[in-house]
Amino acid sequence: AAEQHYCGPVTEFYWPRGEQKRVPLAGAPGVEALIAENDAEAAQALVDREYTLLRRYERSPLWKEAWIRFYRAIYRDSWERIANACFQLERNWAVRALHEGTTLSGGEPRTSSSAASPGGEPRTSSSAANPEADLAAKALDFVQGFSYERNLTGSDFVNLVSAVTEGRGDCDSRAMLWAILLTQADIPSCIMVSKDFSHAMGLTDIPGTGARFQLESARWLVAETTVPVAIGRIRADISGIDHWLGVTFE
């Protein structure tokens, strides 16, 4: 159990991690994290390898299992590589909140005219009275600020080392990074992906209002990572739960 978050032996053999170096994190001014010098290259190699395998199951009745394997393999490989980055971001947000004495959005509602919950009601941000929701909101703001990037000739997934250090990625890279940020802070989180909508969103098991997705024994609060809306908001045209596949990691 203690080694379930380590990268695999094949990746470790061909891409030794190398020395730890301090690297600035995009979108977090003044924040640096310890990243091994070969981690980004190794993480992307893992993504590319798993994507090659995933494509073999495009028309298979096991396509759902193949998607779940793909994301779980990346999750396992990325966990330790970005652990210090997650810690540094969480500490930075905590220090800022302490000094400013405010929530992420100053206590004001965060709404968007382009997105709504299934019921159409506006949703508000977290508050200092709910530290889990506050951290989830800060992490969501962080990934929502990334540059949108797609690779139409291969996997859209930007490895999470590059995502957190360079501030770029598609929806599934952002959703998984957000989920790992929360999980490393002991907040149960995962993702959901949709072949029909070509989209991915984050999921977290915390109190709060908004759209939820039933997965296993929990009803997870959804998180849109590509547009600046609060947790629990989802566009009505992609809210059909039958079109989504939940992917748990723990």
**Asked** So do the side chains of Leu203 and Leu221 get within less than 4.5 Å of each other, counting heavy atoms only?
**Response** no

**Asked** Pairs in or reaching into residues 206-228: which pass ring-ring contact (aromatic ring centres under 6.0 Å, His included), with residues at least two apart or in two chains?
**Response** none

**Complete:** Residue set satisfying salt bridge (charged side-chain N to carboxylate O under 4.0 Å, His left out) with Glu250, at least two apart, ordered chain then number -> none

**Request:** Just grab all the salt bridge (Lys or Arg N to Asp or Glu O under 4.0 Å) pairs involving residues 182-194, residues at least two apart or on different chains.
**Result:** none

**Prompt:** Can any side-chain N or O of Glu3 pair as donor or acceptor with the backbone N or O of His5 at less than 3.5 Å?
**Reply:** no

**Item:** Partner residues of Gln88 under the side-chain hydrogen bond (donor to acceptor under 3.5 Å, both in side chains) criterion, sequence neighbours left out
**Value:** Arg91

**Item:** Set of residues satisfying side-chain contact (heavy atoms from CB on, under 4.5 Å) with respect to Leu54, sequence neighbours excluded
**Value:** Tyr51, Ala66, Trp67, Phe70

**Message:** Suppose the criterion is ring-ring contact (aromatic ring centres under 6.0 Å, His included): which pairs have a residue in residues 222-250, not counting sequence neighbours?
**Reply:** Tyr75-Phe249, Phe197-His243, Phe197-Trp244

**Prompt:** Could you give all pairs that pass the salt bridge (Lys or Arg N to Asp or Glu O under 4.0 Å) test and reach residues 188-213, with sequence neighbours left out?
**Reply:** none

**Message:** Looking at Arg17 and Glu37, would you say the former's side chain and the latter's main chain have a donor-acceptor pair under 3.5 Å?
**Reply:** no

Got a list of side-chain donor-acceptor pairs under 3.5 Å for residues 223-230, not counting sequence neighbours?
unit_1: Glu224; atom_1: OE1; unit_2: His199; atom_2: NE2; d: 2.8
unit_1: Glu224; atom_1: OE2; unit_2: His199; atom_2: NE2; d: 3.3
unit_1: Glu224; atom_1: OE2; unit_2: Thr226; atom_2: N; d: 2.9
unit_1: Glu224; atom_1: OE2; unit_2: Thr226; atom_2: OG1; d: 2.6

**Item:** Side-chain hydrophobic cluster, 4.5 Å single linkage: members besides Leu62
**Value:** Leu53, Tyr57

**Prompt:** Taking only residues two or more places apart in sequence, or in another chain, which ones meet Asp242 in a salt bridge (charged side-chain N to carboxylate O under 4.0 Å, His left out)?
**Reply:** none

Show me, pair by pair, the donor-acceptor contacts under 3.5 angstrom made by side chains of residues 20-34, not counting sequence neighbours?
none

**Co-members of Tyr14 in a cluster of I, L, V, M, F, W and Y side chains, linked at under 4.5 Å** = Val10, Phe13, Trp15

